[in-house]
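Remarks on the structure that follows.
As the structure lists them, so they are numbered: ligands from 1, and atoms in each ligand from 1. Just so it is clear, the model here is predicted, and its values are computed rather than measured.
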Amino acid sequence: MSRLRGKVVLITGASSGIGEACARAFAAEGAGLVLAARREERLRQLSRELETEHGVNCHAAGLDVRDPDAVERFEAGLPSELRAIDILLNNAGLARGLCPVHEGETRDWEEMIDTNLKGLLYLTRRFLPGMIERGRGHIINIGSIAGRQVYPGGGVYCATKFAVRALTQALAVELVDTPIRVSVVDPGMVQTEFSVVRFRGDEEGASGVYRGLTPLTGDDVAEAVLFCATRPPNVNVAELMILPADQASVYHIHRDNN
Ligand code: NDP
Ligand code: 8X3
């Protein structure tokens, strides 16, 4: 029987890309789901689909992770059968722009820091105490290869992902005397809405990022997340980096120019 049957998984950023793929993967394993993102209609549609396809219990609600009061209201609005979160997947995140710090826009920096870092903290602060009380739980953070290496124009985005890695390690240290596990999954290039968001709707610029290579899909990353979530209780995958075969580092990428 699946190790996830009957577990409750909260996924932020479930309205597209990696988060949506994870929702599908966890539902297929029989987990109950709490789905959060700002585009509520997309979440509701996904939720209906997963309930019909897999017979799982699913709750979808609009949430902007940058707003701590909204996070509090979101928790208060959870149905009783989905209140005890077993796995918190802190996935919501984004990059804005690709320009050096001396040309950067403060609103872009704020959006990245508030979403990728402070949002992750607000969700963790709200749901971790319950895990500690119940003596079970797993926090899985989506970091990035950009949390291990920097690149020009990626300064603030990379800084947020370095911070995600640092926070994951800090949580692991703080929770070592509890059964709570903490993991970070660091993907390389994944073709999702990420680059379209980064370039504010410039589809051509976004697809140029992946030109000549085979990027990861959201499903590839979901498999890695599922691997972390399904280890036996004595095993914690502390860090997992997953890259396209065409990528060896942020600087070493094989592109087929034909
Ligand atoms: P997508 O743009 O496809 O998905 C991002 C998700 O985050 C969406 O569901 C979006 O939902 C949600 N989100 C963004 N801002 C907020 C917010 N303020 N409140 C709530 N939800 C929010 O990109 P990916 O799936 O690729 O990105 C998921 C994670 O993976 C991010 O943390 C990203 O940094 C990381 N990552 C991505 C890589 C890639 O190459 N694609 C590589 C490495 C890591 P909505 O807009 O509806 O709120
Ligand atoms: C996204 C991967 O290399 O575009 O986290 O920063 S990268």
Heteroatom distance test (Ala36, ligand 1): nitrogen or oxygen, under 3.5 angstrom: no
Geometric N/O contact Glu193 with ligand 1, under 3.5 angstrom: yes
Close-contact set for ligand 1 against Ser16 heavy atoms, below 4.0 Å: 1 (P), 2 (O), 3 (O), 4 (O), 8 (C), 9 (O)
Top protein contact for atom 15 (N) of ligand 1, by heavy-atom distance: Arg38 NH2, 3.1 Å
Min heavy-atom dist Lys161 to ligand 2 below 4.0 Å: no
Short N or O distance, Tyr210 and ligand 1, threshold 3.5 Å exclusive: no
Criterion salt bridge (charged side-chain N to carboxylate O under 4.0 Å, His left out) on Arg24 and Glu49, from CA distance to verdict: CA-CA 9 Å; Arg24 293 182 187 285; Glu49 191 186 320; 2.6 Å; yes
Residue portion contacting ligand 1 (non-hydrogen atoms closer than 4.0 Å) for Glu20: neither
Residue of the set Leu123, Asn116, Asn91 for which side-chain contact (heavy atoms from CB on, under 4.5 Å) holds with Val65: Leu123
Any N/O pair Ala37/ligand 1 closer than 3.5 Å: no
Test of proximity, Ile18 against ligand 1: N or O pairs below 3.5 Å: yes
Short N or O distance, Val190 and ligand 1, threshold 3.5 Å exclusive: yes
Residue and atom name of the nearest protein heavy atom (relative to atom 23 (O) of ligand 1), distance in Å to one decimal: Thr192 OG1, 3.3 Å
